[in-house]
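Owing to the predicted nature of the structure, the values given are computational and were not obtained by experimental measurement. So that the names make sense, note that chain A is the first sequence line, chain B the second, and so on, each numbered from 1.
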Number of protein chains: 2
Amino acid sequence: MALSTAQRVADTLRDRIEGGGLPPGTQLSEEALGRELGVSRNTLREAFRLLVHESLVVHRLNRGVFVRVLEPADVTDIYRVRAALETAGVRAADGAGPAARAAVTEAVTRAERAAADGDWQEVGSADLRFHRALAGLGGSARIDSAMDRLLAELRLAFHTMPSPRRFHEPFLTRNRALATLLENGEYGRAEAELTTYLDDARQLILDTMREAAS
Amino acid sequence: MALSTAQRVADTLRDRIEGGGLPPGTQLSEEALGRELGVSRNTLREAFRLLVHESLVVHRLNRGVFVRVLEPADVTDIYRVRAALETAGVRAADGAGPAARAAVTEAVTRAERAAADGDWQEVGSADLRFHRALAGLGGSARIDSAMDRLLAELRLAFHTMPSPRRFHEPFLTRNRALATLLENGEYGRAEAELTTYLDDARQLILDTMREAAS
DNA sequence: GCTAAGATATTGTTCAACAATCCTCAAGAG
DNA sequence: CTCTTGAGGATTGTTGAACAATATCTTAGC
């Protein structure tokens, strides 16, 4: 047993949440889930803690745990952190290792290839990898894991998005432009472009959320 | 009962760790601690998970939890994140609210007053508040809590520092200089100064750690 | 001195029970 | 009719004991 039971349960729940089987706002009942997954309440609670740590669920005392509902304010907040971490990566790009730099270009290429195949799900994944690679230029394990958590959180908002294509297509060329700026060492321009890029993406998500809410 | 039992247990353990009662590397035995604090093993394990989340302890499968031992690599990593979050705050200072800006100056003043009183413990606390206020200029709740966790982690390293005065005194005037730059709207210079400031502080900690290890 | 098998201690997980808290909903006062 | 109040039911919070799984320590054998 390489992984603890609690971790396996957390993996299962994470898949269901990200797959849409457990929509935001759903309460995760200890008794029902424990019976279904064949684990005790204590172990299930241990799994809940892991998901709380990833911000995929929230825990309200004496109320239980619920699948996280992302408010517009959360999206704004997340993009503030992303701007801090990703621009820090761009500023550190000069001193980053070749592997970290290659990961940026690699992600852009894969996104373009997926777009050509019409696989917009994969475009979305590649886009996330691209931004994780940007933050990864910072060369910090803590930044990497923080970025992973942020993007997992953001995925909760993507579930309410109607068309992945509408959201990801406009950013394909901007991703490539950013990667090129980095390859050419134009870090100042890259940082400026990244800042407006993130502002635009945030605004697009917020508009879509408001639209879906009405 | 406003807080759960697990949270109260986590609070007392956190106090002991930060107070030095539980030095880094100490194993937290479930049976011994549970008996001493009068809580069941299950509740204690729940408290452990909270502390793991704060990175104050590490959990090794089938081995138990241990008070975190900060390696030099951790210090380097932490300062990379601090640089990202604090410089992001400085860059956002122009649009920050008056309360957030006042918190920066306030922390500097309190540090100076404590130094005049010779209370170097309090100088250290005020210094942490100063840097938390810098990151707070970013206006993001997630950045604020991330910063809190980072500083709590760093405090583990401070325990091995022999003299708080030796570490904090040289930064008093630099803190004031930074605050003045921010008040005058010289954000570019403030960011540059902050970057070298953090590099110097990191180097000082690393040197002290290496010295203590030999 | 080294390796391997067994003994011991600790953690991982389950279970059942009870306490504490929150939510629902109906009854009553204004 | 609205608002408060309280009882009831459902869910979570916590406990203690038991057993399983794993790591560490001890010891026997070479």
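- Among the nucleotides D/dT15, C/dT14, D/dT14, the one closest to any side-chain atom of A/S40 is C/dT14.
- B/T5 has a side-chain polar atom (N or O) that falls below the 4.0 Å cut-off from OP1 or OP2 of D/dT14.
- Nucleotides of DNA chain C nearest to A/G38 and B/S29 differ in position, and the one nearer the 5' end is that of B/S29.
- Taking only side-chain nitrogens and oxygens, A/Q27 comes nearer than 4.0 Å to OP1 or OP2 of D/dT12.
- Comment: A/E106 engages A/R110 in a salt bridge, judged by a side-chain N to carboxylate O separation of less than 4.0 angstrom.
- Rounded to an integer number of Å, the gap from B/E31 CD to D/dA18 C1' is 14 Å.
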From CA spacing to verdict: side-chain contact (heavy atoms from CB on, under 4.5 Å), A/D74, A/V69 | CA-CA 9 Å; A/D74 291 310; A/V69 176; over 6 Å; no

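- Side-chain nitrogen and oxygen atoms of B/T43 include at least one within less than 4.0 Å of the OP1 or OP2 phosphate oxygen of D/dT15.
- B/R35 places its CZ atom 14 Å from the P atom of C/dA9, with the value rounded to the nearest Å.
- For the pair B/R49 CZ and C/dG12 P, the interatomic distance rounds to 10 Å; values are reported in whole Å.
- Atom pair B/L50:CG and D/dG13:P shows a separation of 12 Å (rounding to whole Å applied).
- Per the geometry, CD belonging to A/Q7 stands 12 Å off C1' belonging to C/dG12, to the nearest Å.
- Rounded to a whole Å, the CZ atom of B/R60 is 12 Å from the P atom of D/dA23.
- Between the CD atom of A/E46 and the P atom of D/dG13 there is a distance of 14 Å, rounded to whole Å.
- Checking A/L28 against B/N42, the closest nucleotide of DNA chain D that is more toward the 5' end is the one next to A/L28.
- Remark: C1' of C/dC22 and CZ of A/R63 are 7 Å apart, rounded to the nearest angstrom.
- Dashed line: the shortest gap from a side-chain N or O of B/H59 to OP1 or OP2 of C/dG12 is under 4.0 Å.
- The pair B/R132-B/D144 does not meet the salt-bridge criterion, since no charged nitrogen lies less than 4.0 angstrom from a carboxylate oxygen.
- Between B/E31 and B/R41 there is no salt bridge, since none of the side-chain N atoms of the basic residue sits less than 4.0 Å from a carboxylate O of the acidic one.
- For B/R45 and C/dT11, the shortest distance from a side-chain N or O to OP1 or OP2 is not below 4.0 Å.
- Checked by atom type, the side-chain pair A/Y197/A/N175 shows a donor-acceptor distance below 3.5 Å.
- Contact between the side-chain N/O atoms of B/R41 and the OP1/OP2 oxygens of D/dT15 is not found at any separation under 4.0 Å.
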